[in-house]
Amino acid sequence: TVGAVAVDQFGHTAAATSTGGMTNKRIGRVGDTPVPGAGNYANKFCAVSGTGVGEHFLRTLACYEVACRMEFGEMSLEEAGRGSICGGRFKEIDGSGGLVAVDTLGNVCLCFNTEGMYRAARSSKGVDVVAIYD
Amino acid sequence: GSVAIAIHGGAGTIPRNSMTSEMDAELRSVLKETVESGYNILTQGGTALDAVEKVVLQMEDNPLFNAGKGSVFTSAGTHEMDAAVMEGHTLRCGGVTCVRGVRNPISLARAVMEKTRHVLLCGEGAEEFAREIGAPFEPPEYFFTKRRFDQLQRAIEKNVTRLDHSVDGKEVEGKTG
């Protein structure tokens, strides 16, 4: 799975996610990617794109949860992202995956609970990251 | 305002011990190049929507990633792809699922968002829409990569479903797959 999230000069966010699914999946199996809120979500607070086991994202609406934690829990992007992918319902079901997220202030969150995640980020606030493992 | 972009190319049991220094360098180079292209769009006044579509499209065209050209195989030895896009300030979104042969599902997802009254199109309906708008298609050979084919053979042998980065790592079974 691949994905991207961004915030532009107007403070508008967007999220895009694309996948070939899982190796040896059943024909017709739909993962999280195209389901709004599960593996892809954006609103006036943040944009989020997920990767990992799609069924876990579908069952927990992990990407939407990031936005909810920010809006209703008044959490920072980092707290909301980590809380959604490393705690809460995702942890309860032993969920496997990661996500990238940005907020309207240009903050970036790259978090995962797996062994690694191919990831990169760049921002006008000085973030410049390319990483695979921890 | 501040601009920012973040990308991912998948997560999972990426095996440290089987990652050669050449593979590691190539992946980091591609990630760097991809995120830079998106960042340039943003610094030149482009929209977040344009930036995320462009960078995901680039990764779909790269066989290193499980999307577009590098998609993994289904149990039937075919490729079925999903994609979605969402715009935060309008809450508009569009997606396609289980599409075959479409070169860039992410652009098709954006077209669903911008050119239809719907949010999600699947299978034949999505492919018919793709033909209507002139979206590029590719033959099955375009999506074939030996690495993905070998992954399928190993998954079939063990009767499991696997994340694209799993080698002999955590299996996905039962309710989760």
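Every chain is numbered from 1 and lettered A, B, ... according to where its sequence line falls, protein lines coming before strand lines.
- Nearest approach of A/Ile27 to B/Glu80, heavy atoms of both residues: CG2-OE2, 3.2 Å.
- Between the side chain of A/Ser124 and the backbone N or O of B/Val3, at least one donor-acceptor pair lies under 3.5 Å.
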Give the C-alpha distance, both sets of side-chain angles, the deciding distance and a yes or no for side chain to side chain donor-acceptor pair (under 3.5 Å) between B/His89 and A/Thr13. CA-CA 7 Å; B/His89 69 291; A/Thr13 64; over 6 Å; no
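- Between B/Ile41 atom CD1 and A/Asp8 atom CG the span is 11.5 Å, to the nearest 0.5 Å.
- When heavy atoms are compared at a cutoff of 4.5 Å, B/Val99 does not approach chain A at all.
- When all heavy atoms of B/Cys98 and A/Arg29 are compared, the pair lying nearest together is SG-O, 3.8 Å.
- Below 4.5 Å, heavy atoms of chain B meet no heavy atom from residues 78-86 of chain A.
- Donor-acceptor pairing under 3.5 Å is lacking for the side chains of A/His12 and B/Thr47.
- Classification of the A/Tyr118-B/Phe65 ring pair by plane angle, with boundaries at 30° and 60°, yields perpendicular.
- For chain A, the nearby part of B/Tyr39 is the side chain; its heavy atoms alone come within less than 4.5 Å.
- For B/Leu27, the part lying near chain A is the side chain, with the backbone staying farther off; criterion is any non-hydrogen pair under 4.5 Å.
- Interface summary for chain A: among B/Arg28, B/Lys32, B/Met81, the most heavy-atom pairs under 4.5 angstrom belong to B/Arg28.
- Residues B/Gly9 and A/Val2 come closest through the heavy atom pair CA-CG1, 4.2 Å.
- For B/Leu120, the part lying near chain A is the side chain, with the backbone staying farther off; criterion is any non-hydrogen pair under 4.5 Å.
- Contact between B/Gly10 and A/Thr51 at its shortest, heavy atoms only, is CA-OG1, 3.2 Å.
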